[in-house]
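Read through the structure below, which is laid out as C-alpha cells, and then see the notes.
Both backbone and side-chain heavy atoms feed into the values below; hydrogens, waters and symmetry mates do not.
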Amino acid sequence: MTLELVTASEDDLKDMVAFEMGGELLVVPTRILREVLEPPKLTRVPLAGPYSAGLINVRGVVLPVTDLRPLFEMEQKPFDIDTRVLVLELALEEGTMTIGVIAEKVHAVLALDPESIQKVPSVGTRWPQGAIKGIGRWKDRFVNLIDVEKIAETYLGAVPTDESLH
C-alpha cells in the first residue's frame, strides 16, 4: 500500500499525536497541534450545530471548540480527569483556522511506519466519507488518521479566519 493512497505525507507520519474518543484511537499530525489544554469552562453557543461544544478563552483569544463524537456516532461522555482540548491550526482552502477539539484522553506523540498505513475499508466502517485518511497500527491497536481539515470544511461549516493563537 503506497502512502499516496492514504494522502498522508511521510513527515506527518513521523510525528503524530494519539488521542482517544469513544474507545477509538485517533491521530493527527503534530504540525497542526498548537497546544493541549485541560478543558476550561465552555461557553455554550445558542443554536450551534451538533459538533459545537462551545467557546473558550485562551489568553484573550476566543476559540471555538468542537466535539467530533456526534460525527463519528460515538457515545457522549462527561469530562473527566483525562479530558483535554487539542488546539489545532488548520490550513483550509479559504485560509487558516484555529479550533479546539475535545479528546477524552491524549496518549502520546508517536511515529507510524508508512508501509503499515492502509486505506479505510469501504465496508464495515461507520466513519463519514473522507473523515479518515487511513488506518495504521500502534501498540497492537488500530489507529485512525483523521483528516481534520476535511472534517472542518465538510461537516463543521468552517469559516476560516486569519487569526491564530500567537
To the closest 0.5 Å, what do you measure between CG (Leu26) and NE2 (His107)? 9.5 Å
Rounded distance (nearest 0.5 Å) linking atom CZ of Arg34 with atom CD1 of Ile99: 12.5 Å
Mark yes or no for whether Arg84, through its side chain, and Pro39, through its backbone, hold a donor-acceptor pair below 3.5 Å. no
As a quick check of understanding, evaluate side-chain contact (heavy atoms from CB on, under 4.5 Å) for Ile56 and Leu42, giving each step before the final call. CA-CA 5 Å; Ile56 60 173; Leu42 289 168; 3.2 Å; yes
Derivation of the side-chain contact (heavy atoms from CB on, under 4.5 Å) call for Leu33 and Leu88: CA-CA 5 Å; Leu33 180 67; Leu88 306 177; 3.9 Å; yes
Distance, nearest 0.5 Å, that separates CD of Gln118 from CD1 of Ile135: 8.0 Å
Can you give each donor-acceptor pair under 3.5 Å made by side-chain atoms of residues 137-145, sequence neighbours left out, with the distance rounded to 0.1 Å?
residue, atom, partner, partner atom, Å
Arg137, NH2, Asp140, O, 3.3
Arg141, NH2, Gly23, O, 3.3
Asn144, ND2, Leu25, O, 3.3

Any side-chain heavy-atom pair of Phe72 and Ile146 under 4.5 Å: yes
If you compare all heavy atoms of Ile102 against all heavy atoms of Ala53, which two are closest, and at what distance to 0.1 Å? CD1-CB, 3.6 Å
With sequence neighbours excluded, what pairs up with Thr83 under the side chain to side chain donor-acceptor pair (under 3.5 Å) test? Asp80
Taking side chain as C-beta onward, heavy atoms only, is Asp82 less than 4.5 Å from Glu20? no
Do any N or O atoms from the side chain of Thr66 and from the backbone of Tyr51 form a donor-acceptor pair under 3.5 angstrom? yes
Is Val109 reachable from Met16 through a run of hydrophobic residues whose side-chain heavy atoms are each under 4.5 Å from the next? no
Of all heavy-atom pairs between Ala152 and Leu92, which one has the smallest distance, and what is that distance? CB-CD2, 4.2 Å
According to salt bridge (charged side-chain N to carboxylate O under 4.0 Å, His left out), who are the partners of Arg69, at least two apart in sequence or on a separate chain? Asp67, Glu104
If every non-hydrogen atom of Ala18 is compared with every non-hydrogen atom of Leu110, which pair is closest and at what distance? CB-CD2, 3.3 Å
Sequence-distant partners of Lys105, salt bridge (charged side-chain N to carboxylate O under 4.0 Å, His left out), two or more places apart: none
As an exercise, state the distance from CG of Leu86 to OG1 of Thr30, rounded to the nearest 0.5 Å. 12.0 Å
How far apart are the closest heavy atoms of Pro70 and Pro50, and which atoms are they? CG-O, 3.5 Å
Results of side-chain contact (heavy atoms from CB on, under 4.5 Å) for Val45 - residues two or more places apart only: Ala48, Leu55
So for atom CD, which belongs to Gln76, do other residues, nucleotides or ligands contribute more than 12 heavy atoms lying within a distance under 6.0 Å? yes
